[in-house]
Amino acid sequence: MGSFENKCVIVTGGAAGFGEAICRKFAGQGASVVVADLNLEGAQAVAGSLPSAIAIQVDVADEEANKAMAQAAVDAFGKIDVVCCNAGIPHRGNYMIKMEVDEFDRMWAVNVRSIFLAAKHCSPHMPPGSSIVNTASIGGKRPRPGLTPYNASKAAVNTLTRGMAVEMAPNIRVNAVCPVSAPTGFDMTALGVKDLPEDQNKAVIAGIPMGRRATPEDVANSVFFLASDDAEFLTGVCLDVDGGRSIQ
Ligand SMILES: NC(=O)c1ccc[n+]([C@@H]2O[C@H](COP(=O)([O-])OP(=O)(O)OC[C@H]3O[C@@H](n4cnc5c(N)ncnc54)[C@H](O)[C@@H]3O)[C@@H](O)[C@H]2O)c1
């Protein structure tokens with residue numbers, strides 16, 4: 001028996017990257033998983049490979065889609081025990097004033113509005129003892145130039161997390177993970193490349209005391225811990241999953 005047997009876990013952005021690893025981690029502990037993603041085909045592929053899961057197409061920035069996501073989870077599994085608000089997007093790395101206004105608005109809606117909408121529409125179905133885990137970023141605490149609006153959106157995720165933790169206590173715990181750079185689809189959106197060029201890769205790693213970028217499993221393990229009973233007294237924690245990057 002896994003520790004998440006008979007528990008329903010929603011994972012947004014569950015079709016790829018961190019989200020896929022989060023889905024697999026919870027499923028490995030017996031959870032029923034709602035794989036929610038804009039990319040329906042990808043969500044179906046992940047859900048189809050898990051013992052108990054459904055896939056649903058969701059744009060996390062859209063209110064109706066959030067309502068439908070909560071309803072689909074309740075219809076399939078009766079309640080919602082964990083919501084992992086993981087879907088998020090960077091923008092193409094550049095100085096802020098070169099960014100288009102539409103790109104700023106869309107990024108902010110996907111990264112920040114989504115947290116509000118998921119909490120608003122999922123929480124009525126969440127029993128006492130349930131939890132929300134948001135995926136922020138270490139850039140929200142230690143921003144570097146080139147992704148300034150993105151970093152600000154992740155600082156907003158951290159602030160939402162801490163405020164929500166108080167508003168939702170004691171029934172629902174709310175925590176966040178703050179990952180450092182990881183080789184996922186994120187690189188393609190932020191930098192336009194599937195793999196970081198060798199020199200950039202070396203420069204990123206040089207800033208991480210543990211000597212490597214994060215993996216999706218590093219993030220999934222931390223999300224899982226925060227949602228587990230081992231963390232039953234933790235709320236409002238924005239956990240650095242950064243190999244020490246933010247210390248220096
Ligand atoms: N990879 C990194 O370096 C890094 C570092 C820190 C934080 N993060 C954050 O981690 C989270 C996951 O990113 P990732 O690295 O796994 O990226 P990814 O591109 O590999 O995966 C993101 C997933 O989210 C989905 N998605 C995008 N927009 C969506 C929307 N509007 N509605 C629903 N689904 C949507 C995509 O289809 C994709 O499946 C994001 O919030 C990101 O900001 C990533």
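For ligands, and for the atoms within them, numbers begin at 1 and follow the listed sequence. Residue indices begin at 1 and follow the sequence shown.
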Check your understanding: Should Tyr150 be counted as touching ligand 1, given the test is an N or O pair under 3.5 Å?
Key -> yes
Point to revise | Residues Asn158, Thr161; criterion side chain to side chain donor-acceptor pair (under 3.5 Å); working and verdict | key: CA-CA 5 Å; Asn158 286 335; Thr161 299; 5.0 Å; no
Exercise for review: Would you mind listing which atoms of ligand 1 come within a distance below 4.0 Å of any non-hydrogen atom of Val110?
Suggested key: 31 (N)
Check your understanding: Considering only the protein, which heavy-atom contact is closest to atom 40 (C) of ligand 1, and what is its distance?
Key -> Asn86 O, 3.2 Å
Review point. Going by distance only, is there an N or O of Val60 that falls short of 3.5 Å from an N or O of ligand 1?
Key: yes
Practice item. Determine, using heavy atoms of Ala65 and all atoms of ligand 1, whether some pair is separated by less than 4.0 Å. Key: no
Point to revise | Heavy-atom gap Arg106 to ligand 1 smaller than 4.0 Å | key: yes
**Study point:** Under 3.5 Å donor-acceptor, Asn86 side chain and Val11 backbone
**Key:** no
Practice item. Specify the protein heavy atom at minimum distance from atom 33 (C) of ligand 1: its residue, its atom name, and the distance to 0.1 Å. Key: Val58 O, 3.0 Å
Check your understanding: Got a second to check how far Gln44's CD is from Ile56's CD1, nearest 0.5 Å?
Key -> 11.0 Å
Exercise for review: State yes or no: are the ring centers of Phe224 and Phe4 separated by less than 6.0 Å?
Suggested key: yes
Check your understanding: Atoms of ligand 1 less than 4.0 Å from Ala15 heavy atoms?
Key -> 39 (O)
Study note, to complete from the structure: the protein heavy atom lying closest to atom 7 (C) of ligand 1 turns out to be Ala136 O, 3.2 Å
Exercise for review: Decide whether Gln71 and His125 meet the rule of one side-chain donor and one side-chain acceptor closer than 3.5 Å.
Suggested key: no
Exercise for review: Distance to 0.1 Å, residue and atom name: give those for the protein heavy atom nearest to atom 13 (O) of ligand 1.
Suggested key: Phe18 CD1, 4.2 Å
Practice item. Return a yes/no value for Ala36: is any of its N or O atoms, backbone included, closer than 3.5 angstrom to an N or O of ligand 1? Key: no
Review point. Under 4.0 Å between a Lys/Arg side-chain N and an Asp/Glu carboxylate O for Arg213 and Asp187?
Key: yes
Point to revise | Per-atom contacts of ligand 1 with Gly17, taking only distances under 4.0 Å to non-hydrogen atoms | key: 16 (O), 20 (O)
Review point. For ligand 1, which atoms sit closer than 4.0 Å to a heavy atom of Ser181?
Key: 3 (O)
Check your understanding: So does Asp218 pair up with Arg212, basic N to acidic O under 4.0 Å?
Key -> yes
Review point. Are the aromatic ring centres of Phe186 and Tyr150 under 6.0 angstrom apart?
Key: yes
Check your understanding: What's the verdict on salt bridge (Lys or Arg N to Asp or Glu O under 4.0 Å) for Glu103 and Arg106, showing C-alpha distance, side-chain angles and the deciding distance?
Key -> CA-CA 5 Å; Glu103 193 185 12; Arg106 174 67 181 159; over 6 Å; no
Practice item. Determine if the distance from atom 22 (C) of ligand 1 to the closest protein heavy atom is below 4.0 Å. Key: no
Practice item. Would you mind checking which non-hydrogen protein atom is closest to atom 20 (O) of ligand 1, with the distance to 0.1 Å? Key: Gly185 N, 3.0 Å
Exercise for review: Write out the residue and atom name of the closest protein heavy atom to atom 31 (N) of ligand 1, then the distance separating them to 0.1 Å.
Suggested key: Asp59 OD1, 3.0 Å
Check your understanding: To which of Val35, Ile22, Asp37, Thr184 does the heavy atom nearest atom 14 (P) of ligand 1 belong?
Key -> Thr184
Check your understanding: Judged by non-hydrogen atoms, does Val180 sit under 4.0 Å from ligand 1?
Key -> yes
**Study point:** atom 6 (C) of ligand 1: nearest protein contact (heavy atom, Å)
**Key:** Pro179 O, 3.3 Å
**Study point:** Side-chain donor or acceptor of Thr235 paired with backbone N/O of Val174 under 3.5 Å
**Key:** yes
Check your understanding: Between Asn134 and Ala136, is there a donor-acceptor pair closer than 3.5 Å when you use the side chain of the first and the backbone of the second?
Key -> no
Review point. When you look at NZ of Lys79, are more than 12 heavy atoms from neighbouring residues, nucleotides or ligands closer to it than 6.0 Å?
Key: yes
Check your understanding: Considering only protein heavy atoms, which is closest to atom 27 (C) of ligand 1, and at what distance to one decimal place?
Key -> Ile89 CG2, 3.9 Å
**Study point:** Any Ala61 heavy atom less than 4.0 Å from ligand 1
**Key:** no
Point to revise | Geometric N/O contact Ala182 with ligand 1, under 3.5 angstrom | key: yes
Review point. For the atom pair OG (Ser49) and CZ (Arg24), what is the distance rounded to the nearest 0.5 Å?
Key: 3.5 Å
Check your understanding: How many angstroms lie between CD1 in Ile132 and CE in Met126, if you round to the nearest 0.5 Å?
Key -> 4.5 Å
Review point. Are any of the heavy atoms in Met188 under 4.0 Å away from ligand 1?
Key: no
Practice item. Give the atoms of ligand 1, by number and element, whose distance to some non-hydrogen atom of Ser137 is under 4.0 Å. Key: 6 (C), 7 (C)
Practice item. Could you tell me whether the side chain of Lys7 and the main chain of Ser130 form a donor-acceptor pair under 3.5 Å? Key: no
Revision key, fill the gap. For Gly13, the ligand 1 atoms with a heavy-atom partner under 4.0 Å come out as 23 (C), 24 (O), 25 (C)
Practice item. Please state whether Thr12 comes within less than 4.0 angstrom of ligand 1, counting heavy atoms only. Key: no
